[in-house]
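Report on the following structure.
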Amino acid sequence: MPGRTWTVRLTGHPDHTVSVTCSTAACKMPPRSKDAASMRRFAAEHAKAHGRLAGARPNAACSCGSAQCTLHETPVHCAGTSLLVLVHNPAVGQVWTLAEVCQVCARHIPHITILAKGKPALPTPAAPPVKQPTQRAAVPGGFSSPEAAPDSAPGRRRPHRQYRSRG
């Protein structure tokens with residue numbers, strides 16, 4: 001299953017207004033505004049909302065690998081668990097990319113926040129419960145069952161045996 005990618009972009013216009021666009025056509029964006037700070041906050045929250053709604057899929061392929069590793073400079077072989085990451089360079093501050101990438105690629109992508117980790121599709125079976133042996137009542141004389149134990153008078157002790165040394 002191919003990895004998903006969303007891009008939220010803040011765009012400036014000659015009339016000193018800014019607009020927000022999303023790569024998902026169904027998303028409704030606010031109209032242009034001169035308040036760039038509020039539009040920047042909206043764009044950041046919109047990208048995070050996609051992350052909360054999407055979650056990481058355990059069987060997703062790395063979207064970075066299918067895009068020839070455009071999210072990082074060093075080409076790597078994709079491997080590991082699927083992660084949902086938010087990529088945003090604060091120095092540029094105009095583009096937020098949400099992508100499903102593998103663990104190996106995630107290590108090479110600068111300016112990321114890991115939002116979710118893909119969990120195995122099938123939960124691993126829990127170890128069977130360890131059955132604790134039932135605690136047996138102490139039986140005088142070392143017999144295996146209380147019924148076979150001789151009657152012992154309270155306060156009566158067995159005589160002490162002397163051990164002879166073998167020489």
Side-chain angles (χ1 to χ4, degrees), residues 1-139 144:
M1 178 177 315
R4 301 169 292 179
T5 303
W6 297 264
T7 303
V8 178
R9 187 177 307 272
L10 187 67
T11 306
H13 302 283
D15 62 351
H16 301 287
T17 60
V18 292
S19 61
V20 178
T21 58
C22 179
S23 60
T24 304
C27 292
K28 186 175 178 181
M29 296 291 115
R32 286 185 182 190
S33 173
K34 290 190 180 238
D35 188 359
S38 69
M39 294 297 269
R40 182 171 281 118
R41 283 191 301 273
F42 175 83
E45 282 304 312
H46 184 76
K48 288 178 184 175
H50 272 295
R52 284 189 300 271
L53 292 173
R57 300 176 302 174
N59 53 350
C62 181
S63 64
C64 183
S66 63
Q68 288 78 39
C69 297
T70 55
L71 293 174
H72 54 88
E73 295 178 10
T74 310
V76 296
H77 293 288
C78 295
T81 304
S82 175
L83 304 172
L84 184 64
V85 298
L86 177 63
V87 182
H88 175 69
N89 184 345
V92 177
Q94 297 176 355
V95 178
W96 292 260
T97 303
L98 189 67
E100 286 178 318
V101 297
C102 68
Q103 285 178 319
V104 173
C105 285
R107 287 187 214 127
H108 295 282
I109 301 171
H111 310 291
I112 70 164
T113 303
I114 297 173
L115 301 178
K117 184 176 182 179
K119 293 182 174 63
L122 297 173
T124 55
V130 178
K131 190 169 185 173
Q132 297 292 332
T134 56
Q135 189 70 12
R136 290 184 150 179
V139 178
S144 61

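Along the sequence shown, the residues carry numbers beginning at 1. Everything numeric in this text was worked out from a predicted model, so none of it was measured.
Between R40 and W96 there is a side-chain heavy-atom pair separated by less than 4.5 Å. With contacts defined as side-chain heavy-atom distances shorter than 4.5 Å, the pair S63/V101 qualifies.
Listed by chain and residue number, H13 satisfy the side chain to side chain donor-acceptor pair (under 3.5 Å) test with S19 (two or more places apart in sequence, or in another chain). In this structure, the side-chain contact (heavy atoms from CB on, under 4.5 Å) partners of L115, at least two apart in sequence or on a different chain, are L86, L98, T113. Here A116 pairs with A56, L84 under the side-chain contact (heavy atoms from CB on, under 4.5 Å) rule; sequence neighbours left out. Under the ring pair (Phe, Tyr, Trp, His ring centres under 6.0 Å) criterion, H108 pairs with H72, not counting sequence neighbours. With sequence neighbours excluded, no residue forms a salt bridge (charged side-chain N to carboxylate O under 4.0 Å, His left out) with R107. Under the side-chain contact (heavy atoms from CB on, under 4.5 Å) criterion, A37 pairs with D35, R41, sequence neighbours left out. Remark: N89 engages no residue in a side chain to side chain donor-acceptor pair (under 3.5 Å) (not counting sequence neighbours). Take H46 and apply the side-chain contact (heavy atoms from CB on, under 4.5 Å) test, not counting sequence neighbours, and it matches V8, C22, C27, M29, F42, H50.
Atoms OG and NE2, on S33 and H16 in that order, are 14.0 Å from each other to the nearest 0.5 Å. Rounded to the nearest 0.5 angstrom, T97 OG1 and I112 CD1 are separated by 12.0 Å. Taken to the nearest 0.5 Å, the OG atom of S23 stands 12.0 Å off from the CZ atom of R4.
Evaluation of the salt bridge (charged side-chain N to carboxylate O under 4.0 Å, His left out) test over residues 9-24, restricted to residues two or more places apart or in two chains, returns D15-R32. Every pair tested for salt bridge (charged side-chain N to carboxylate O under 4.0 Å, His left out) that includes a residue from residues 82-98 fails, sequence neighbours excluded, so the list is empty. Applying the salt bridge (charged side-chain N to carboxylate O under 4.0 Å, His left out) definition to pairs two or more places apart or across chains, none involves residues 74-99. Listed by first then second residue, pairs satisfying salt bridge (charged side-chain N to carboxylate O under 4.0 Å, His left out) with a partner in residues 88-98 number zero, not counting sequence neighbours.
For H88 (side chain) and V95 (main-chain N/O), a donor-acceptor pair under 3.5 Å exists by modelled atom type. Formation of a donor-acceptor pair under 3.5 Å by the E100 side chain with backbone atoms of R57 is found in this model. Judged by distance alone, with hydrogens and angles left aside, the side-chain atoms of Q103 form a donor-acceptor pair with the main-chain N or O of T81 at under 3.5 Å.
When all heavy atoms of V18 and G12 are compared, the pair lying nearest together is CG1-CA, 4.1 Å. Across C102 and C62, no two heavy atoms sit closer than the pair N-SG, 3.3 Å.
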